[in-house]
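A short write-up of the structure that comes next.
Chain letters run A, B, ... following the sequence lines, proteins first, then strands; residues in each count from 1.
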Number of protein chains: 2
Amino acid sequence: MQEVAKRAGVALSTVSYALNGTRPISDDTRQRILRAMDELGYQPHAMARGLASKRTRIIALLFPASGRGLGATALEIVTGAAGAARAMGYHLVVWSTEAHGVDELRSLLSQGLVDGVVVMRVRLRDDRIDLLRTMDVPFSMIGRTASPADVNFADIDYDQTTREAVDYLVGLGHRKIAFLNHSRESFEAGYGPSVRAAGGFESAVRSAGLEPIMWLCDDAPQAGRQALDELLVLHPDLTALVAMNELAIVGVMHAIRERGWRVPDDLSIMSLVSAVQTAEMTMPPLTAMTPPYDELGRLGVDVLIERLERQAAGRPRPLQGLLPCRLVVRGSTAPPRAATATPAAARG
Amino acid sequence: MQEVAKRAGVALSTVSYALNGTRPISDDTRQRILRAMDELGYQPHAMARGLASKRTRIIALLFPASGRGLGATALEIVTGAAGAARAMGYHLVVWSTEAHGVDELRSLLSQGLVDGVVVMRVRLRDDRIDLLRTMDVPFSMIGRTASPADVNFADIDYDQTTREAVDYLVGLGHRKIAFLNHSRESFEAGYGPSVRAAGGFESAVRSAGLEPIMWLCDDAPQAGRQALDELLVLHPDLTALVAMNELAIVGVMHAIRERGWRVPDDLSIMSLVSAVQTAEMTMPPLTAMTPPYDELGRLGVDVLIERLERQAAGRPRPLQGLLPCRLVVRGSTAPPRAATATPAAARG
DNA sequence: CTGAAAGCGCTAACAC
DNA sequence: GTGTTAGCGCTTTCAG
């Protein structure tokens, strides 16, 4: 740094100011400094900066170690988060502390390595969030706790997403649409996605003048099969199904085939929050509301850094971003058959 | 730290030595120090340690930003790597520099933030590896370049994995087994997995006294369909198929259904390097050789840290770990039908 | 804007 | 083992 200063013909402290923008610097001087840095291939030493400034420019991403149930999903979030951090001049460390619990998180935080934390996969009641609050560590969430009023977060707009899915099906002419939600446990536990999607479904269906049909279903092929059978007993005139559960959909589609029906001719299927990769693993590929997971990761980091840099003094109001899923039409949806004929009769 | 020393009744430097194990310390003293640290809730400051010791205890994971083609896979590697790093007292930062290229990587490395790098998804010829070599940054690879002789790496044992798959099918009684490999381009480019799997297939099949049938196929349902049709023209008595390509398998299975055949009765299907999540997305779920991706990530970190800590002076010899996939039998494989009847005739 | 200087919290060398 | 001390490479304050 001394060398840079010398080469640019300025004081060492001026170089520092130019680097952090801590103090205004004339454009001419800044250019000279930047050139000097370039010529010498100078890169500020991250640790020294961190030690001196008490701002490490490192943030942590807390993610679930469990893995199952969120393969491609979580990766996209990580990718998006890493990209956003990088773009803002931050580094992203990953901490998968779910296994080791809150104590480990506490000790990690005490090391002073990170300026803030992005918490993935928050639960409605979340120890990690409580800890972050009491330790007064800046953080943002991807997802929401039960009471996120004063916190920066990024989440999927489940309500809006479900509405759009229903609207699309209604637009195709469907009048009898069922919603296969997550499991009963998660719904009754108040799990955000389940609850908000249910709300969106009901209001969208009602405003189309239809009757809401919701079914709770575990995420397994066998559960999906059974759900379809039961649904068709109660509503034999069903023409479309919206589902939150990818593995359940596999079962549903198989059950449909066994009846001699076809997707989408006899029943349209729509996957609700489904990553590209899984939507294309079925035959036909699934029309889906695809979540912008990378943007979600990006936004999670953005709101944290916003909090870090601009909300340092006086907290204006939390930044909360809701991202809707994007409709991707593939092969599993179509207008319903003529209402007069049942599928079996129609083909028979 | 001063406080810890005071409370334990020792010198500040002794606390430091106890912390890093830089110098032998009596058990009694160590216990007193540890207790004092515990009581005061002391945590060493990561950045200060890093600055003073020139060892940051942070390593970077370089991963492909591209995302597609490796959803759940890559996540498991990240998870495994993060866990291993954590267990060894390291932090893991993620750098997805593929987009920004080698220049960005260079500047990242110059910041002195990391002690070493784990490179994911290495290509046969890889700029990133070249850069790491010239900058003399310790690194390990997950996967292999063309000439990995002197480097620490962790990779899947494709050869062994393919052998085991073939052996399993031969054990079931199959005598006519085809191998659906990756695309022609990747095979001809010498892409490691394609080439090594092909080698394993050929040698396993030959040692069972059978004829190797390999087909190159893009990773898309349509390509899979076509491949199956073509294969069955040339080898109508095929009873089993081993495939590297998950999306191609989707097409294969669909083509089989359209012929009125069933999996596994008329044709056994085996997925070669298939994550759990995708293997369970089909009906029937796929018997697969499942890669231990989390262990791969873990091992990648382990061999890097080994290099960092023990190979500091005098490089004994590189640590190179090959992990075989694990056979998971699901519903897509079975003994072949009696060889005398073709499937169609058998059912007709 | 300059130049000098005091840390940031630790490591590691030194003399004892 | 102890106690002391000189940095690590930067930020930031201070007087000019």
- Query: With a non-hydrogen cut-off below 4.0 angstrom, is A:S53 in contact with a base, only sugar-phosphate, or nothing?
  - Reply: sugar-phosphate

- Scan B:T22 against the nucleic acid and name what it touches under 4.0 Å (heavy atoms): base, sugar-phosphate only, or nothing. sugar-phosphate

Between [options], spot the one nearest the side chain of [X], thanks.
X	options	answer
B:S13	D:dT4, D:dT11, D:dG9	D:dT4
B:T29	D:dT11, C:dC14, D:dG1	D:dG1
B:L51	D:dC10, D:dC8, C:dT11	D:dC8
A:R49	D:dT11, D:dG1, C:dG9	D:dT11
A:L12	C:dT11, C:dG9, D:dT11	D:dT11
B:I25	C:dA4, D:dG1, D:dT11	D:dG1
B:T14	D:dC10, D:dG9, D:dT2	D:dT2
B:A48	C:dT2, D:dC10, C:dG9	C:dG9

In plain terms, say whether [X] and [Y] are close enough for a salt bridge, that is, a side-chain N and a carboxylate O under 4.0 Å apart.
X	Y	result
B:D130	B:R133	no
B:D28	B:R32	yes
A:E309	A:R55	yes
B:R35	B:D38	no
B:K54	B:D115	no

Quickly work out the [X] [atom1] to [N] [atom2] distance and round it to whole Å.
X	N	atom1	atom2	answer
B:Q43	C:dC8	CD	P	20 Å
A:M47	C:dT11	CE	P	13 Å
B:M1	D:dT2	CE	C1'	14 Å
A:L113	C:dC8	CG	C1'	15 Å
A:M37	D:dG9	CE	C1'	15 Å
A:I33	D:dC10	CD1	P	14 Å
A:Q111	C:dC10	CD	C1'	13 Å
A:R55	D:dT12	CZ	P	9 Å

- Message: Just N and O in the side chain of A:K54: are any of them under 4.0 Å from OP1 or OP2 of C:dG9?
- Response: yes

- Query: Can you find a donor-acceptor N/O pair under 3.5 angstrom joining the side chain of B:R23 to the base of D:dT2?
  - Reply: yes

- Looking just at side-chain N and O atoms, do B:S13 and B:S16 make a donor-acceptor pair shorter than 3.5 Å? no

- Note on the structure: Result for 5'-nearest mapping on DNA chain D, choosing between B:Y17 and B:A52, is B:Y17

